[in-house]
Amino acid sequence: MKYSRLFPKTLKQVPSGAESLNHQLLVRAGFIHQEMAGVYTYLPLGWKVLDKISDIVREEMNAIGGQEIFMPVLHPGENWKKTGRFKSFDVLYKLKGAGDKDLVLGPTHEEIIYPLLAEYINSYKDLPLYLYQIQTKFRDEPRAKAGLLRGREFLMKDLYSFHTDDDDRDEYYKKVREAYFKIFKRIGIPVVKTKASGGTFSDLSEEFQTLTPSGEDTVFVCSKCGAAFNEEIIKGKNCLDCGGDLKKEKAIEVGNIFPLKRAYAEVFNLYFTDKAGEKRIVSAGCFGLGISRTMGAIVEVSHDEKGIIWPESVAPFKVHIVGLDLEDKTVMGEAEKIYKLLQVADPERSRRTEGVEVLFDDRVNVSAGVKFADADLIGIPYRVVVSKKTGDKLEVKKRSGKETMFKTLEQLVDIVCS
RNA sequence: CGGGGAUUGGCGCAGUGGUAGCGCGCACGGUUCGGGACCGUGAGGCCGGCAGUUCAAAUCUGCCAUCCCCGACCA
């Protein structure tokens, strides 16, 4: 992608109203645009990041047998009345459809997937089954805040698992837990797993929390055994596992996993026939992961005073070519050549590319300082400077590091493709 | 939902009663050219909305809306 064509350009100043760090940096760098409190447009750079996070999540969900589906945003109010959540789910967006019909904008999808499964699950042979989706959720939060960390409309992955019994469900629960650790490791942000109350939804649950002072959750981490707990289940000053001292930390909840109670299966008649021919209730688990919130969390934990530092796995581009002296036709030609050669495949035409994704700052008559500042702000992992000074070796700098390396084009390709 | 702050060109801001100004950005011309360069010229705003006070309102009063922060809430 040529920067001269990229929409939109960076902003020098922080728009008023953007107080949280992720909001400020993402808006200034041109990744998102706020439409109203808690609602954002994802601009080209932001959408690419969201897409990369989604793909990592997808791969790990598929690896544990998940099958991707896509459920509706618009739900029949009827289903929510059946579970009682039409009244009790207090951040529910309700609207009226044709014929004065009650409708709901989905904040979660039990009310869709249970009736769906009830129609198809008959035998123990149909189980277990793992279905997930990556979908926009709507929650009418009394106070949306902190940029992408707490929106009213946000992107979330939700996985629902269905089993013949609780033991099988608990086995799968452990697999999902491991998959979550892999996901956050690949994405490049540290997480701790905390024990949490399950609310009315579940007897217990576990959350994946990114520790950072800007988080809105409070968690307690044991200094002895490393176990972590959410505030609501902590009774005293000591670890529930080993009795060690607890340290209070702020954190962002990026994932949440639950073994579900039977209530929904009962309401929607989700039963199966076992080997003995007996009718039995289905056991289920529910596993959420906030995709857009994770994007905000990455920025909160990975930045410096100049801008964002994207982990390689989710960066919108891998290489940022900063072209200087581009008024000189020779230099421009050289920069173009490097730009094309880096792209083994053509990432501008294919969404899933095998080539190196490159952003080329091809602006003419823009000062070096402006280009460097923009590169710092946008936060792409590798910066390659092409200028009159460029000889056989390219000037390469990692966004996350300080020292400048000098590499041939082949060496650079090796580095960024590894 | 309680408390506080804010709302003025695209963005950031100043403007305490006499029908709007600065910086950035933008356009054009010129000089610059490795860390957000400079000079000149120019375009761009019925000051969040409604109602009121006044000869006169961005400015005073009332109501409303929106955004941000603190808290409550967060299946």
Side-chain angles (χ1 to χ4, degrees), chain A residues 8-21 23-24 27-30 33-40 80 83-93 104 106-111 137-147 149-152 154 156 158 196-205 207 209 214-218 230-232 251-253 256-258 260-261 263-264 286-288 290 293 305-307 322-328 331 361 363-378 383-390 395 397 402 404:
Chain A
K9 298 298 179 273
T10 58
L11 300 174
K12 220 177 210 174
Q13 281 157 316
V14 183
S16 74
E19 298 291 334
S20 69
L21 197 90
H23 191 177
Q24 294 188 178
V27 168
R28 280 189 55 215
H33 179 264
Q34 185 179 31
E35 305 308 337
M36 57 183 184
V39 177
Y40 297 84
W80 288 81
T83 59
R85 294 206 288 183
F86 193 76
K87 282 210 173 79
S88 69
F89 202 109
D90 53 12
V91 293
L92 199 61
Y93 279 106
V104 162
T108 178
H109 281 70
E110 286 78 21
E111 275 78 355
K137 307 291 188 195
F138 293 85
R139 294 186 190 180
D140 194 6
E141 297 288 349
R143 186 182 159 211
K145 60 173 181 174
L149 300 186
R150 191 174 186 78
R152 296 205 168 102
F154 55 95
M156 183 172 165
D158 43 329
S197 84
T200 62
F201 204 57
S202 172
D203 290 326
L204 72 144
S205 76
E207 294 182 352
Q209 300 268 8
S214 57
E216 59 173 356
D217 282 21
T218 301
N230 275 27
E231 193 170 25
E232 73 266 12
I252 301 166
E253 178 199 335
N256 199 347
I257 59 180
F258 301 89
L260 287 179
K261 287 180 181 172
Y264 298 99
C286 168
F287 312 89
R293 179 182 276 182
E305 66 287 349
K306 292 176 174 175
V322 175
L324 305 178
D325 312 317
L326 294 177
E327 310 73 41
D328 184 321
V331 179
D361 192 340
R363 289 174 295 176
V364 175
N365 287 320
V366 170
S367 76
V370 169
K371 291 190 175 191
F372 290 142
D374 281 340
D376 290 334
L377 180 60
I378 294 168
R383 175 193 305 174
V384 175
V385 181
V386 179
S387 72
K388 274 181 183 165
K389 291 187 192 171
T390 305
E395 185 180 323
K397 196 174 173 189
K402 289 178 289 288
T404 302

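Numbered from 1 within each chain, the chains take letters A, B, ... in sequence-line order.
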Would you indicate what [X] reaches in the nucleic acid, counting non-hydrogen atoms under 4.0 angstrom: base, sugar-phosphate, or nothing?
| X | result |
| --- | --- |
| Glu141(A) | nothing |
| Lys145(A) | sugar-phosphate |
| Glu232(A) | nothing |
| Thr108(A) | nothing |
| Asp217(A) | nothing |
| Ala368(A) | sugar-phosphate |
| Ala146(A) | sugar-phosphate |

Using 0.5 Å steps for rounding, measure from the OG atom of Ser214(A) to the CD1 atom of Ile252(A).
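The distance works out to 4.5 Å.
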
Is there a donor and acceptor pair closer than 3.5 Å between the side chain of [X] and the base of [N]?
| X | N | answer |
| --- | --- | --- |
| Arg28(A) | rG36(B) | yes |
| Arg139(A) | rC74(B) | no |
| Arg383(A) | rG35(B) | yes |
| Asp325(A) | rG34(B) | no |

First encountered from the 5' end of RNA chain B, between Gly17(A) and Asp90(A):
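The residue closer to the strand's 5' end, by nearest nucleotide, is Gly17(A).
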
Using the closest heavy atom to pick a nucleotide of RNA chain B for each, name whichever of Lys12(A) or Ala37(A) lands nearer the 5' end.
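Its nucleotide being nearer the 5' end, the pick is Lys12(A).
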
Whole angstrom is fine here: how far is it from [atom1] in [X] over to [atom2] in [N]?
| X | N | atom1 | atom2 | value |
| --- | --- | --- | --- | --- |
| Glu35(A) | rU66(B) | CD | P | 16 Å |
| Gln34(A) | rC67(B) | CD | P | 8 Å |
| Glu327(A) | rU31(B) | CD | P | 13 Å |
| Lys389(A) | rG35(B) | NZ | P | 9 Å |
| Asn365(A) | rG25(B) | CG | C1' | 17 Å |
| Ile252(A) | rC74(B) | CD1 | P | 20 Å |
| Lys9(A) | rG12(B) | NZ | C1' | 20 Å |
| Leu149(A) | rC69(B) | CG | P | 10 Å |

Counting Watson-Crick and G-U wobble pairs with both distances under 3.5 Å, what is the dot-bracket string for RNA chain B, 5' to 3', using [ ] for crossing pairs and | for pairs to another strand?
((((((((.[[[[.)..(..]]]].((((((.....)))))).....[[[[[..)....]]]]])))))))....

Ion pair present between Glu216(A) and Lys145(A), side-chain N to carboxylate O less than 4.0 angstrom?
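A salt bridge is present here (some side-chain N lies under 4.0 Å from a carboxylate O).
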
Just do the side-chain hydrogen bond (donor to acceptor under 3.5 Å, both in side chains) check on Glu207(A) and Ser205(A) with the steps written out, would you?
CA-CA 7 Å; Glu207(A) 294 182 352; Ser205(A) 76; 4.8 Å; no

Does some side-chain heavy atom of [Y] sit less than 4.5 Å from a side-chain heavy atom of [X]?
| X | Y | value |
| --- | --- | --- |
| Arg363(A) | Leu326(A) | no |
| Asn230(A) | Gln209(A) | yes |
| Val322(A) | Lys397(A) | no |
| Arg293(A) | Met156(A) | no |
| Phe372(A) | Val385(A) | yes |
| Glu327(A) | Asn365(A) | yes |
| Leu92(A) | Arg85(A) | no |

For atom C1', what is the distance between rA14(B) and rG29(B), given to the nearest Å?
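Straight-line distance between the two C1' atoms is 31 Å.
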
In whole angstrom, give me the gap between the C1' atoms of rC26(B) and rG9(B).
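After rounding to an integer number of Å, I get 12 Å for this pair.
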
For rA37(B) and Ser367(A) - does any side-chain N or O of the residue sit under 4.0 Å from the phosphate oxygens OP1/OP2?
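Yes.
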
Candidates [options] - which lies nearest the side chain of [X]:
| X | options | answer |
| --- | --- | --- |
| Thr10(A) | rG71(B), rG35(B), rG36(B) | rG36(B) |
| Ala373(A) | rC1(B), rC67(B), rG36(B) | rG36(B) |
| Lys397(A) | rG34(B), rG35(B), rA75(B) | rG35(B) |

Check this for me: Lys388(A), atom NZ, are more than 12 non-hydrogen atoms of other residues, nucleotides or ligands nearer than 6.0 Å?
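Counting other residues, nucleotides and ligands, NZ of Lys388(A) stays at 12 neighbours or fewer.
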
What one-letter contact string describes nucleotides 3-11 of chain B from 5' to 3', where B marks a base within less than 4.0 Å of any protein heavy atom, S marks contact via sugar-phosphate atoms alone, and - marks no contact?
--------B

